[in-house]
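Presented below is the structure to which this report refers.
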Amino acid sequence: MQDVVGDDAHLFFRFAHGRHLNSLNQNYLLPADKEEIRRSELHHRMLQFVFSGKNYIGPVRQALQFGEQRRILDLGTGGGFWAIDMADEFPRAEVIGVDLAPIQPRDVPPNCTFELCDLDQWNIPYPDNYFDFVHARSMHTGIHDYPRFIEEIARILRPGGLVLIIEPSLHPLVGPIPTATAVPAMPLTQPSESYHDGWETLWETYRTCLRRHGIDVTVPERLADLLAEAGEFEDIVTSEGNIPVGFWPPESDSTARTVGELQWMDYELFLPALKPFFLSLGLADTFVDNLISEAQRDFYEPPPHICRIARLHIVYASKVL
Ligand SMILES: C[S@@+](CC[C@H](N)C(=O)[O-])C[C@H]1O[C@@H](n2cnc3c(N)ncnc32)[C@H](O)[C@@H]1O
């Protein structure tokens, strides 16, 4: 990671079970290294296809048309790809990305900065009513008290400011390849009890370990309720999307096909990235190796006519005036 942070890399990263992890927070156990930066980029590009070339959905432009100073915050920014693209798109806005590890590039637009903070241990380190737009994506597994996290987002947003949260479900789906030409908008099927493979077993184990680790694995499905329960948001809009995984969407649906390829590459990196997490939670080395390699086998060689789908949960809302 020296090309990202320089000679003091040892201050920010620790080496565990073959990968570099952040050293700020001992609970977030996905790596902070080149492969994870690549995964963050794949995730970002995939979502740009899902959002028809944009970096967001919802009334973002309206939220940024307020007053002189426009401030955007990206929580759990990862490789910083979203923050950088937003800084380019809104050159008059100040964009800040926050993460546990300095894995963002150094060469960034002048209106973009990155800061280190553990959002699980500390309050979000900005004043009340400070931001016009807060974005948090694919990071709930690093937050133990998600309702408190939402309270903090409400605190730092100005009245009328916008929050956009996107979380992939921890329950990817499997089903028969649809015969229709387009990817269906709704789930094909819940994972069937009769169809249970190494891929499913890995996800089940991941959810169990996260729960044991104190993470609420139902957060993605409950985002809208959690925002409503905070009592500080209005105009809450929620949606769900099916993300094809792999190369099964028909060639005629080029967007679905590209999304499928990007999500496939993301998962390809995700499977080995789970190893430090499982080992740190005390699972035996051989058990973890088998778990991952059986998931890889079923991922790379699914039974004929079976397709995989990832689920995405999206919510946006305005802070009450
Ligand atoms: C799966 S990555 C997603 C990155 C980016 N948001 C994206 O959508 O591509 C999750 C990121 O959230 C960060 N993260 C997780 N828990 C965090 C915490 N408690 N405080 C700050 N960042 C956190 C991780 O370091 C990691 O970079």
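Atoms within a ligand are numbered from 1 in the order they appear, just like the ligands themselves.
Using modelled atom types, one finds a donor on one side chain and an acceptor on the other under 3.5 Å when comparing S138 with H43. Looking at H140 and E167, their side chains do bring a donor and an acceptor atom within 3.5 Å of each other.
If you check each of L29, I166, L100 against atom 17 (C) of ligand 1, the one with the closest non-hydrogen atom is L100. Of the listed options P31, G78, S138, A101, S138 places a heavy atom closest to atom 10 (C) of ligand 1.
Counting heavy atoms of neighbouring residues, nucleotides and ligands inside a 6.0 Å radius, atom CD of Q121 exceeds 12 of them.
Residue contacts with ligand 1 do not include A32, since none of its heavy atoms lies under 4.0 Å from the ligand. Heavy atoms of D99 come nearer than 4.0 angstrom to ligand 1 in at least one pair.
Of all the heavy atoms of T77, the ones lying under 4.0 Å from any atom of ligand 1 belong exclusively to the backbone. Of all the heavy atoms of H43, the ones lying under 4.0 Å from any atom of ligand 1 belong exclusively to the side chain. The part of C117 lying near ligand 1 is the backbone, judged by heavy-atom distances below 4.0 Å. Within the 4.0 Å heavy-atom criterion, the part of R39 lying near ligand 1 is the side chain and not the backbone.
Nearest protein heavy-atom neighbour of atom 9 (O) of ligand 1: S40 OG, 3.2 Å. Distance from atom 16 (N) of ligand 1 to its nearest protein heavy atom, with residue and atom name: G142 CA, 3.3 Å. The protein atom (non-hydrogen) at minimum distance from atom 4 (C) of ligand 1 is G76 O, 3.4 Å. At the shortest separation from atom 20 (N) of ligand 1 among protein heavy atoms lies L119 N, 2.9 Å.
Linking Ile, Leu, Val, Met, Phe, Trp and Tyr whenever their side-chain heavy atoms come within less than 4.5 Å puts F149 and F233 in one cluster.
Of all the atoms in ligand 1, the ones that sit under 4.0 Å from a non-hydrogen atom of D118 are 18 (C), 19 (N), 20 (N).
Residues forming a ring-ring contact (aromatic ring centres under 6.0 Å, His included) with Y56 (at least two apart in sequence, or on another chain): none. Residues passing the ring-ring contact (aromatic ring centres under 6.0 Å, His included) test with F90, sequence neighbours excluded: none.
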(request) Would you check, one step at a time, whether the test ring-ring contact (aromatic ring centres under 6.0 Å, His included) holds for W199 with Y267? (result) CA-CA 11 Å; W199 176 251; Y267 276 157; 5.0 Å; yes
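Between R61 and E89 there is a salt bridge, since a side-chain N of the basic residue sits under 4.0 Å from a carboxylate O of the acidic one.
The N/O atoms of R137, backbone and side chain alike, include one that comes under 3.5 Å of an N/O atom in ligand 1. Looking at I143 next to ligand 1, no N or O pair under 3.5 Å apart turns up. Annotation: H44 places no N or O atom under 3.5 Å from an N or O atom of ligand 1; distance criterion only.
Taking the six-membered ring for Trp and thresholds of 30 and 60 degrees, F278 and Y206 have ring planes more than 60 degrees apart, a perpendicular arrangement.
Here the side chains of L162 and P59 are in contact, with some heavy-atom distance below 4.5 Å.
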